[in-house]
**Q** 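Before we start, here is the structure in question, set down as structure tokens.
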Amino acid sequence: MHADTERCVRAVQSKDSRFDGWFFTAVLTTGIYCRPSCPVAPPKPENMTFYPSAAACQQAGFRACKRCRPDTSPGSPQWNARADAVARAMRLIGDGIVDREGVPGLAARLGYSTRQIERQLRAELGAGPLALARAQRAQTARLLVETTAMPMAEIAFAAGFSSVRAFNDTVREVFALAPGELRARAARGGSTPPPAPGAIELRLPYREPLNPSNLFGHLAATGVPGVEEWREGSYRRTLRLPYGHGIVALTPRPRHIACRLSLTDPRDLTIAISRCRWMLDLDADPVAIDDRLRDDPLLRPLVDQAPGRRVPRTVDAAEFAVRAVLGQQVSTAAARTHAARLVTAYGDPVDDPEGGLTHLFPSPTALAALDPGTLALPRSRRTTLTTLVAALADGSLRLGADSDWEEARALLRALPGFGPWTVEVIAMRALGDPDAFLPSDLGMRRAAAGLALPATPAALTAHAAAWRPWRAYAVQYLWATETHPINYLPE
């Protein structure tokens with residue numbers, strides 16, 4: 001979009017927050033870059049130039065605006081709506097892969113050479129993977145400086161910098177303030193460090209509107225005891241992270257999601273934030289999605305009644321695949337019971353002074369050691385589960401931010417016991433395919449009957465072609481027609 005100058009100028013002049021994260025405005029006369037909704041008076045069009053990423057702005061020598069803080073704007077929705085190499089690379093960079101494995105590790109995950117990845121990212125984003133990762137490190141450093149009492153040297157290494165000097169230089173270059181000045185500025189604004197050691201409180205922005213009912217309702221109603229809980233208006237869960245584990249509490253608020261993270265290692269902050277945003281689908285563009293679905297007169301009343309529904313996802317694709325198998329042809333309560341038994345037997349215990357969380361969900365490696373005879377499941381489903389776990393443990397099946405959606409579907413269909421429903425629900429909630437569709441789902445069939453939509457899966461699929469590429473969001477609107485706990489924000 002950044003190449004459409006006229007459209008970008010109109011968005012800036014109208015301060016349209018829907019375009020935050022789609023592009024960034026660099027002001028030639030001041031040397032700063034802003035989000036489109038920056039509250040200051042818009043510059044003259046001839047003084048504006050537009051970039052597709054914050055990293056590209058920084059690489060061109062612009063610093064972040066101190067008023068609108070463009071580095072904290074929602075991420076571009078296009079990375080979650082595509083499965084090409086650039087989109088998968090952006091999801092992996094957000095997941096911290098460059099900091100952990102370098103550019104060669106990123107390229108290996110995608111099956112390309114480092115030169116090809118560099119070329120594709122520069123062509124579309126104006127910056128290579130190192131610059132994109134550097135911009136992310138700067139944002140993480142700012143969060144730690146402003147929201148914790150950690151010493152600056154610890155923040156430097158926690159944010160992924162190789163030295164304190166590199167940390168200081170980057171912060172000054174990107175924000176035009178020294179780290180100490182950032183902390184003092186935050187203190188003057190009334191920000192105070194959280195009381196618990198290791199706890200970080202921040203706000204997760206999103207594009208409005210957002211309907212929290214089915215989003216948090218689904219996560220709470222299907223939560224695995226010990227791993228997830230709803231407590232005092234917040235969804236809480238444990239997180240398995242590269243350098244340790246964490247506990248997150250997410251609370252819906254007007255215009256943002258309140259996020260409280262407790263981490264055993266602060267180096268996991270970036271990836272924890274990325275996974276929480278992914279789980280809540282916070283980078284979606286609800287206006288574009290709802291506009292497409294409103295074109296169908298049968299869906300229009302559902303969208304108008306409660307716009308801004310998101311797809312509830314997961315923080316761990318392998319975990320969700322296991323839970324999808326446990327949920328085959330059983331009730332939500334039964335699926336939670338089966339999962340809770342696995343957690344108690346094979347999950348890693350954690351301490352949670354602020355709630356009732358007790359374990360991390362078992363890793364595929366831990367589940368590979370399970371005895372099928374101990375599972376209270378039909379024999380065919382035991383085979384399905386053990387085959388899935390073995391494929392995840394040996395790496396023959398990889399599910400995550402770098403997954404090619406169609407390739408992952410083909411690998412899942414090749415496993416015993418994986419029918420269309422299981423494959424598509426994993427594609428929707430674990431892989432994040434916005435066009436995943438469940439025409440044979442019982443809730444979908446009931447909703448279709450109530451709305452005079454076609455009754456058979458084949459006919460419903462044909463009718464839903466007009467909803468593409470947002471059929472996963474249409475599923476959320478259709479599911480919401482039922483009085484099931486997944487559709488309601490818990491008390």
Side-chain angles (χ1 to χ4, degrees), residues 21-22 74-97 106 109-110 204 206-207 210-211 214-216 218-219 222 235 237 239-240 248 250 257 270-286 288-290 292-293 308-324 327 361 392 397-413 418 420-438 441 467-477 479 486:
W22 276 101
S76 173
Q78 60 182 318
W79 311 133
N80 292 343
R82 292 163 42 182
D84 55 36
V86 171
R88 290 158 58 202
M90 289 300 294
R91 292 198 288 269
L92 281 171
I93 292 170
D95 211 40
I97 199 70
L106 171 67
R109 292 286 192 102
L110 298 172
L204 304 183
Y206 56 77
R207 294 176 184 83
L210 180 141
N211 188 322
N214 76 300
L215 182 59
F216 285 90
H218 206 126
L219 294 171
T222 61
Y235 167 75
R237 72 153 292 150
L239 304 170
R240 184 183 297 277
V248 64
L250 298 163
I257 302 295
T270 298
I271 188 172
I273 294 172
S274 174
R275 291 185 180 180
C276 290
R277 293 191 62 82
W278 171 261
M279 177 175 63
L280 300 181
D281 196 14
L282 296 186
D283 290 329
D285 184 353
I289 295 167
D290 290 351
R292 171 61 64 87
L293 299 182
R309 292 194 183 276
R310 302 299 210 272
V311 176
R313 295 179 182 156
T314 180
V315 294
D316 189 322
E319 171 192 317
F320 184 83
V322 170
R323 292 171 60 173
F361 195 87
L392 291 169
L397 173 63
R398 293 177 60 178
L399 303 176
D402 56 332
S403 294
D404 179 283
W405 296 333
E406 294 310 315
E407 180 182 345
R409 280 183 169 93
L411 292 172
L412 290 169
R413 283 193 291 264
F418 275 78
W421 181 90
T422 308
V423 171
E424 287 301 304
V425 79
I426 291 173
M428 176 190 296
R429 297 195 57 200
L431 304 182
D433 183 353
D435 203 37
F437 194 52
L438 307 168
D441 178 78
W467 305 341
R468 305 189 77 168
W470 309 119
R471 292 185 299 178
Y473 294 86
V475 170
Q476 307 307 313
Y477 282 105
W479 274 345
I486 65 170

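Only this structure's heavy atoms are used, side chains among them; waters, hydrogens and symmetry mates stay out.
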**Q** For the backbone of A427 and the side chain of D433, can you confirm whether one donor and one acceptor N or O come within less than 3.5 Å of each other?
**A** no
**Q** Do I271 and L239 pass the side-chain contact (heavy atoms from CB on, under 4.5 Å) test, and can you show the C-alpha distance, the side-chain angles, and the key distance before you say yes or no?
**A** CA-CA 10 Å; I271 188 172; L239 304 170; over 6 Å; no
**Q** Write down the atom of W405, the atom of G432, and the distance for their closest heavy-atom approach.
**A**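 Closest approach of W405 to G432: CZ2-O, 3.9 Å.
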**Q** My understanding is that only residues two or more places apart in sequence, or in another chain, count here; which of them pass side chain to side chain donor-acceptor pair (under 3.5 Å) with T270?
**A** T140
**Q** Just wondering, do V475 and F437 contact through their side chains at under 4.5 Å, heavy atoms?
**A**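 F437 reaches V475 side chain to side chain.
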**Q** For A87, what residues pass the side-chain contact (heavy atoms from CB on, under 4.5 Å) criterion, not counting sequence neighbours?
**A** W79, R82, D84, R91
**Q** Can you see which heavy atom on A288 is nearest to which on W470, and at what distance?
**A** O-NE1, 4.3 Å
**Q** Check whether any side-chain heavy atom of L412 sits under 4.5 Å from a side-chain heavy atom of T422, and report yes or no.
**A** no
**Q** For the backbone of R313 and the side chain of W278, can you confirm whether one donor and one acceptor N or O come within less than 3.5 Å of each other?
**A** no
**Q** Could you check whether any side-chain heavy atom of L293 comes within less than 4.5 Å of a side-chain heavy atom of Y473, counting everything from C-beta outward?
**A**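 With C-beta onward as the side chain, the pair touches.
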**Q** Identify the heavy atoms of R310 and L215 that sit nearest to each other, and give their distance.
**A**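 Closest approach of R310 to L215: CB-CD1, 4.1 Å.
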**Q** Quick check: do R398 and S403 have side-chain heavy atoms less than 4.5 Å from each other?
**A** no
**Q** Is it true that the side chains of D290 and Y477 contain a donor and an acceptor less than 3.5 Å apart?
**A** yes
**Q** When you measure from the side chain of D95 to the backbone N and O of R275, does any donor-acceptor pair fall under 3.5 Å?
**A**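 Flag not set: sc D95 to bb R275 has no pair under 3.5 Å.
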**Q** State which residue, out of S76, P74, S274, fulfils the side chain to side chain contact (heavy atoms under 4.5 Å, CB included) condition with D283.
**A**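 Answer after filtering S76, P74, S274: P74.
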**Q** Can you name the closest pair of heavy atoms from T222 and R323 and give their distance?
**A** O-NH2, 2.9 Å
**Q** Should E319 and R237 count as an ion pair when the cut-off is N to O under 4.0 Å?
**A**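 Result for this pair is yes, salt bridge flagged.
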**Q** Got M90 and Q78 here, is their nearest side-chain heavy-atom distance under 4.5 Å?
**A**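 No, side chains not in contact.
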**Q** Between L204 and C276, what is the shortest heavy-atom contact and its length?
**A** CD1-CB, 4.3 Å
**Q** Walk me through it: do F361 and V322 pass the test side-chain contact (heavy atoms from CB on, under 4.5 Å)?
**A** CA-CA 10 Å; F361 195 87; V322 170; 4.1 Å; yes
**Q** Check whether any side-chain heavy atom of Q476 lies under 4.5 Å from a side-chain heavy atom of N211, and answer yes or no.
**A**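 Sidechains of N211 and Q476: no contact.
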**Q** For the residue pair W479 and H218, does the interplanar ring angle fall in the parallel (under 30°), tilted (30 to 60°) or perpendicular (over 60°) class?
**A**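 The rings of W479 and H218 sit tilted, inter-plane angle from 30° to 60°.
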**Q** How about W22 and P77: do any of their side-chain heavy atoms sit closer than 4.5 Å?
**A** yes
**Q** How far apart are the closest heavy atoms of A430 and T314, and which atoms are they?
**A** CA-CG2, 3.6 Å
**Q** Is any side-chain heavy atom of Y206 closer than 4.5 Å to one of L280?
**A** no
**Q** If only atom types and distance count, is the side chain of R468 paired as donor or acceptor with the main-chain N or O of D435 below 3.5 Å?
**A** no
